[in-house]
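Down below is the structure, laid out as structure tokens.
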Amino acid sequence: MKPDISDSKSQVLFGSLSEIGFEKILIERFPQSRFVILIDENVAVHWSEFFVTNFDFLHRAEIIEIPAGEENKTLEICNSVWEALSEYEINRNDVILNIGGGMITDLGGFVASTFKRGLHFVNIPTSLLAQVDASVGGKTGIDLGPFKNQVGLFAEPDFVFIDSGMLSTLPHEQILSGFAEMLKHGLIADADYWKALRNLNLKNTEELLPFIRRSVELKKSIVEQDYSEKGIRKTLNFGHTIGHALEGYFLQKQNPMLHGHAVGLGIIAEAYLSLNTKLITQSEFDEIKSTLLPLYGTSLPEKPDESVLLKLISNDKKNSADAINFSLLKSIGNSVYDQRVSTDLILESFGEIF
Ligand SMILES: NC(=O)c1ccc[n+]([C@@H]2O[C@H](COP(=O)([O-])OP(=O)(O)OC[C@H]3O[C@@H](n4cnc5c(N)ncnc54)[C@H](O)[C@@H]3O)[C@@H](O)[C@H]2O)c1
């Protein structure tokens, strides 16, 4: 397997950190810099010591540990991290290592690129979701109340190191959460990959690396065609218009559901929209639903209020009162964006998931 996927903005490297030369690469690229580790409390339990003891250049790194969970992807937490960076006298030559899931890579990328008008940052994603999705593509940001990713910017890490060995400590429900994004990649862009994923044994995280790599390739190739999301990049939002609304709804109720589980249900509902706007066939819809429902069908904390959910959905994108823009499937492996869907049909699609 090739070790990396590069472009002018950043380099994504795959494999065990020691084998792919994590330390050497960073020392060569940043010979004069200080390194700060940003990590959440859960990931710290398993991995802080590993980094500080195994890599000489991190022996004296500052470690900023923040509380875990989406409910902490907030401006208040950013503020505490900016204050810590200031206290440690971190400057623009220095580097933040974001070690964690998508919450850490989103928030850490945002904090790094706004502090002193931009520090270097490196992502070491530790959840499957962050490895296949959140840590690549340049989107960073934080939530505002129930609204996901309302404040943020596009900023690229210098490197992303993807080591599937780090998934060994990740709870299975979190593996399932990342798997929803992988299924989405297959559905929107690669029918063979979708087929292969349907036969994958998720219990064996060792075997995931080639699949993670394929997801990153697919995502990067879409992002590179349309970095600022004016066109084809919108297809990556398949499953997310309804998924984000579900996630925001339960975040607001202080009963959060996992991002990927919300997206898994969003995929089913938005596949239903694709079916009923005459884009996909009944048998394609059945195949999608029968794959995702057993994985994510029981993940809703409770039945959501449909009108509140609809309001959250229309906030997600520019929409008019009676129709909302979606990215949908044209077939398994092909997608389309900017599809107007009536609010009546959206309400009908909720029937597929709750
Ligand atoms: N920027 C993007 O393009 C993009 C894309 C998709 C999702 N996201 C964002 O990513 C976030 C979701 O990502 P996530 O599911 O990784 O969330 P997360 O960072 O909250 O991680 C999920 C949980 O797993 C724990 N964890 C992570 N790695 C672990 C490990 N190796 N061992 C043990 N525990 C571990 C975390 O502490 C946390 O409790 C959301 O905020 C979402 O908006 C961003």
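Indexing begins at 1, ligand by ligand and atom by atom, following the structure's order. Numbers here are sequence positions counted from 1. The shown structure was predicted, so the numbers you read here are calculated from the model rather than taken from an experiment.
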Self-check item: Atoms in ligand 1 with a heavy atom of His46 nearer than 4.0 Å
Solution: 33 (C)
Quiz item: Is Asp40 in polar range of ligand 1, meaning some N or O pair under 3.5 Å apart?
Solution: yes
Quiz item: Which heavy-atom pair separates Asp106 from Thr140 by the least distance, and what is that distance?
Solution: O-CB, 3.5 Å
Quiz item: How far is atom 21 (O) of ligand 1 from its nearest protein heavy atom, and which residue and atom name does that atom have?
Solution: Gly101 CA, 4.1 Å
Quiz item: Under 3.5 Å, is there a donor-acceptor pair between the Glu247 and His240 side chains?
Solution: no
Quiz prompt | Nearest protein heavy atom with distance in Å, relative to atom 22 (C) of ligand 1 | solution = Gln174 OE1, 3.3 Å
Quiz item: Ring centres of Phe110 and Phe121 under 6.0 Å apart?
Solution: no
Quiz item: Does the pair Leu38 and Leu107 meet the rule for a side-chain contact (heavy atoms from CB on, under 4.5 Å), with working shown?
Solution: CA-CA 10 Å; Leu38 180 71; Leu107 182 144; 4.2 Å; yes
Quiz prompt | Nearest option to atom 34 (N) of ligand 1, as decided by whichever heavy atom of Thr105, Leu170, Leu236, Val45 sits closest | solution = Leu170
Quiz prompt | Among Phe22, Trp47, Phe35, ring pair (Phe, Tyr, Trp, His ring centres under 6.0 Å) partner for Phe55 | solution = Phe22
Practice problem: Heavy-atom distances under 4.0 Å are what count here, so tell me which part of Asp106 touches ligand 1: side chain, backbone, both or neither. | Solution: side chain
Practice problem: Establish, from distance only, whether the side-chain atoms of Tyr193 and Glu217 form a donor-acceptor pair under 3.5 Å. | Solution: no
Practice problem: Note the single closest protein heavy atom to atom 4 (C) of ligand 1, along with its residue, its atom name and the distance in Å. | Solution: Ala134 CA, 3.4 Å
Quiz prompt | Side chain, backbone, both or neither: the part of Lys219 lying under 4.0 Å from ligand 1 by heavy atom | solution = side chain
Quiz item: Is the side chain of Tyr88 donor-acceptor paired with the backbone N or O of Val36 at a distance under 3.5 Å, no angle test?
Solution: no
Practice problem: Distance to 0.1 Å, residue and atom name: give those for the protein heavy atom nearest to atom 32 (N) of ligand 1. | Solution: Thr169 OG1, 2.7 Å
Exercise. Verify, without hydrogens or angle tests, whether Ser274 (side chain) and Ile280 (backbone) share a donor-acceptor contact under 3.5 angstrom.
Key: no
Exercise. For this output row, return yes or no: ring centroids of His120 and Phe30 closer than 6.0 angstrom.
Key: yes
Quiz item: Are Lys148 and Glu70 within salt-bridge range, i.e. N to O under 4.0 Å?
Solution: yes
Quiz item: Lys148 heavy atoms, cut-off 4.0 Å: which ligand 1 atoms fall inside?
Solution: 40 (C), 41 (O), 42 (C), 43 (O)
Exercise. Test Glu181 against Lys219 for salt bridge (Lys or Arg N to Asp or Glu O under 4.0 Å), laying out the working first.
Key: CA-CA 10 Å; Glu181 297 287 358; Lys219 177 167 181 181; over 6 Å; no
Self-check item: Location of contacts on Asn149 toward ligand 1, heavy atoms closer than 4.0 Å
Solution: side chain
Exercise. Using a strict cut-off of 4.0 Å, indicate which atoms of ligand 1 neighbour a heavy atom of Trp47.
Key: 31 (N)
Quiz item: Is the closest N or O pair between Asn42 and ligand 1 shorter than 3.5 Å?
Solution: yes
Quiz item: For Leu167 and ligand 1, does the shortest N/O to N/O distance drop below 3.5 Å?
Solution: no
Self-check item: Element-labelled atoms of ligand 1 that are located less than 4.0 Å from some non-hydrogen atom of Lys139
Solution: 1 (N), 3 (O)
Exercise. Have a look at ligand 1 and work out which part of Thr126, if any, has a heavy atom under 4.0 Å from it: side chain, backbone, both or neither.
Key: both
Quiz prompt | Crowding at CD, Gln225 (>12 non-hydrogen neighbours, <6.0 Å) | solution = yes
Self-check item: atom 13 (O) of ligand 1 - nearest protein heavy atom and its distance
Solution: Leu129 CD2, 3.0 Å
Quiz prompt | Protein contact to atom 14 (P) of ligand 1 [nearest heavy atom, distance to 0.1 Å] | solution = Gly102 N, 3.5 Å
Quiz item: Can you check whether Pro171 has an N/O within less than 3.5 Å of an N/O in ligand 1?
Solution: no
Quiz prompt | Backbone or side-chain N or O of Ser127 under 3.5 Å from ligand 1 N or O | solution = yes
Quiz item: Starting from atom 41 (O) of ligand 1, which protein heavy atom do you reach first, and at what distance in Å?
Solution: Glu70 OE1, 2.5 Å
Exercise. Give yes or no for whether the N/O distance cutoff of 3.5 Å, strictly under, is met between Ser177 and ligand 1.
Key: no
Self-check item: Pair Phe211-Val132, side-chain contact (heavy atoms from CB on, under 4.5 Å): steps then yes or no
Solution: CA-CA 9 Å; Phe211 295 90; Val132 297; over 6 Å; no
Practice problem: Please determine which of Leu58, Ile39, Ile63 meets the side-chain contact (heavy atoms from CB on, under 4.5 Å) test together with Leu97. | Solution: Leu58
Quiz item: Can the ring centroids of Phe238 and Phe326 be said to lie less than 6.0 angstrom from one another?
Solution: no
Quiz item: Using heavy atoms and a threshold below 4.0 Å, how should the contact between Met103 and ligand 1 be classified: side chain, backbone, both, or neither?
Solution: both
Self-check item: Val43: numbered ligand 1 atoms lying under 4.0 Å from its heavy atoms
Solution: 26 (N), 27 (C), 28 (N), 29 (C), 35 (C), 37 (O)
Exercise. Around atom 6 (C) of ligand 1, find the nearest protein heavy atom and jot down its residue, atom name and distance.
Key: Asp133 OD2, 3.3 Å
